[in-house]
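Here is the structure we will look at, set down as structure tokens.
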Amino acid sequence: MMRIFSGFDNRLSGIFPCSGAGNPEPSDESFLASTEKVLRRPDDSSIEFIWDDNSAVFLSAVDDAISLSTSSASADVRSRAEVLLQYAMSYLEDQFRHIMIRNAAQLDVRISDDYSPSVFLSDALADLKEIADRMIISGYVKELCQVYCSVRREILDDYIYALGVVRLSIEDVRNMECGTLDDMMKKWANALRLMLREILVLERKLCDHVFAGAEELKDECFLESTRGCTIQLLNFADAVAISQPSLEKLSGILEMYGALNNVKPELSFLFSGESGKYMLDEADGVLKNLQVIAVRTLSQFDNALQKNARGKPLHCGGLHEVTNYVMNYVGLLVDYHNLLDSVLCESREVSSDNLKCTEEMSPFGHYLQKLLLNLDLIIVEDSKLYENEALQYVFLMNNILYIAKKVKESAMRSLLGDQWVKKMQGQVRHYSMRYLRASWIKALSYLKGDELGGSTYNASNAVIKDKFRNFNLAFEEIYRTQTTWIIPDPQLREELRISISEKVIPAYRAFWGRYGSRLEGLRHAAKHVKYTPEDIENHLANLFEGSQALPSHPRRW
């Protein structure tokens, strides 16, 4: 319509002459005509616009039209120049979009995680700037911002997708299989670091370059073009943060928390000023939610351990499944101890659990100490499920030693300290002594000569036979049961065998040497003196292997 009406300008002015209005200067008219030839383009929108070497001629004509529209030329010339600018701006807008799409850099994630991203091909930067400057000068700022933001928004969405972050609802996250969700959380952490530390930094530079002629537009257009991808990243993290606490998700949550916490300086730099405050507030909210679910997960695990951990221990006195589970769990957590210190130290729940930030022990160190204390109490309580007192102590030795070794051989040692490890090792020695008394005191009592009198010759053969027979029965019962028990740690197993030998062998050797010869030559003597001291020692070497066997008793006189 504007083009049609503009064609009537000369004829209408001739029919309806305005008082005081003169005809345009021939120079302005001819200048306008030459400009018009360059700027008018065919109406056929199917023609592909090509930005080539002739673009300089077009841009020069645009400059002329801008000059005429703001000159002291007649109103008719200025009006027609304005119409030409409308044509020109529409064309430049199309070219701007075409250049941005054609020269957007592709993010290749196939080769490795060590990206060297670029968001735009540098050869086309000058063309973008030339177009943007003229659209800004001509007052087409809104149109420029719209085309810039729409194109860059889609490109950034493509980058996010290429990095493995897809749009998911809260329900999608809740229903996701744990392994899949864990993989997505790790991809999210990598994507966040790459986007905030590299891609959006380059995006900011591109925006600043394009809108160098309009300082007030830089923040607005950058925020508008990057809001979508940033909110998508934050929304996924928030969906994870408001889901049900789960141990399986904790490592992923901590990685997400660490990634977001570490890019806070980049967020503050990129989204500065009043316009970016909303984005910073959103990020702070998500970070807080991740912290809350991490602390809730830790607390719920500790509470569940105290309430529901009681179970039936193994019949052989081996490692309790609760002990194994808890130590594997804390072994994974210790890799995140710095993050956990941050999470726990900033949490309101820290004060209620006395997890203070102190020089002696970190917040996570306090949590770990409290968790292992509860585990210790559970192990002691579950040991009472064994009817055999000696087996109770084997069970306690196995589990306490396992905890102590796990702590000593990992970063937990630096968190809990050497004194804590020594205390646990002291418990193992204490249970070892309790085992010896509970298991062998009865058998050893038969090797005492109190009832036999002071002289070997005064001793009754019947009493001597009873002593040997009772010892044999006690020893064989111990052997029968304790060869089925297990001590997985080879060092503890060997040390306990040595302790048994040091108590049993000297006592048996002395009794055997003093009274065994008295029965020699008597009828059925082999029924009573079944074992030599060497036999006993050999049989002790079979204890705690977890396989049942009956003792053999070759006679060696």
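In this text the structure is predicted, and so the values were computed from the model without any measurement.
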Please identify each residue that fulfils side-chain hydrogen bond (donor to acceptor under 3.5 Å, both in side chains) with [X], with sequence neighbours left out.
X	result
Y435	W440, Q482
S243	K249
E537	none
D172	S169

Indicate yes or no: at least one non-hydrogen side-chain atom of [X] is less than 4.5 angstrom from one of [Y].
X	Y	value
H315	W485	no
F475	L540	yes
F471	I536	yes
D302	L298	no

Ring geometry between Y367 and F364 (parallel below 30°, tilted from 30 to 60°, perpendicular above 60°):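 Ring orientation, 0 to 90° scale: parallel.
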Worked check of side chain to side chain donor-acceptor pair (under 3.5 Å) between N542 and T483: CA-CA 6 Å; N542 295 325; T483 50; over 6 Å; no
Under the side chain to side chain contact (heavy atoms under 4.5 Å, CB included) test, residues paired with A541 that sit two or more places apart: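 Applying side chain to side chain contact (heavy atoms under 4.5 Å, CB included) to A541 gives none.
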Results of side chain to side chain contact (heavy atoms under 4.5 Å, CB included) for K423 - residues two or more places apart only: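 Once residues adjacent in sequence are excluded, K423 has no partner under the side chain to side chain contact (heavy atoms under 4.5 Å, CB included) criterion.
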Note: [X]-[Y] ion pair, threshold 4.0 Å (strictly below):
X	Y	value
E476	K530	yes
D157	R153	no
E545	R497	yes
R509	E534	yes

Does any N or O in the side chain of [X] come within less than 3.5 Å of the main-chain N or O of [Y], such that one atom is a donor and the other an acceptor?
X	Y	answer
T481	E477	yes
K467	F511	no
N261	G258	no
N398	I487	no
T297	I293	yes
D238	L234	no
D182	C178	no
S299	R296	no

Criterion side chain to side chain contact (heavy atoms under 4.5 Å, CB included) on L396 and Q427, from CA distance to verdict: CA-CA 9 Å; L396 288 167; Q427 280 187 257; over 6 Å; no
Test item: side-chain donor near acceptor, Q425 and K422, under 3.5 Å: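 Short answer, no.
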Working for side chain to side chain contact (heavy atoms under 4.5 Å, CB included), residues Y278 and I231: CA-CA 11 Å; Y278 165 79; I231 290 296; 4.3 Å; yes
Considering residues at least two apart in sequence or located in another chain, which fulfil the ring-ring contact (aromatic ring centres under 6.0 Å, His included) criterion with [X]?
X	result
Y329	F301
F271	F222
Y257	none

Residue I441 excluded, over 12 heavy atoms near CD1 under 6.0 Å: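 No, the 6.0 Å shell around CD1 holds no more than 12 heavy atoms from other groups.
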Atom CD of Q491 with >12 non-hydrogen neighbours under 6.0 angstrom: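 No - once you tally the heavy atoms of other residues, nucleotides and ligands closer than 6.0 Å, there are 12 at most.
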Residues that D284 engages under salt bridge (Lys or Arg N to Asp or Glu O under 4.0 Å), provided they are two or more places apart: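 Per chain and number, D284 pairs via salt bridge (Lys or Arg N to Asp or Glu O under 4.0 Å) with no residue.
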Salt bridge (Lys or Arg N to Asp or Glu O under 4.0 Å) partners of residues 399-415, not counting sequence neighbours, each pair once: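 Listed by first then second residue: K405-D489, R413-D418.
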Criterion side chain to side chain donor-acceptor pair (under 3.5 Å) on E177 and T180, from CA distance to verdict: CA-CA 5 Å; E177 191 269 330; T180 303; 3.3 Å; yes
Pairwise distance CG(L200) to OG1(T226) - rounded to 0.5 angstrom: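 Taking CG in L200 and OG1 in T226, the distance rounds to 6.0 Å.
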Nearest non-hydrogen partners of V407 and V421, listed with the distance: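 Looks like CG1-CG2, 3.9 Å.
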ring-ring contact (aromatic ring centres under 6.0 Å, His included): pairs with one or both residues in residues 386-425, sequence neighbours excluded: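 Every pair satisfying ring-ring contact (aromatic ring centres under 6.0 Å, His included) with a residue in residues 386-425: H320-F395, Y386-F395.
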Ring-ring centroid check Y479 H539, cutoff 6.0 Å: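 Between H539 and Y479, which both carry aromatic rings, the centre distance is below 6.0 Å.
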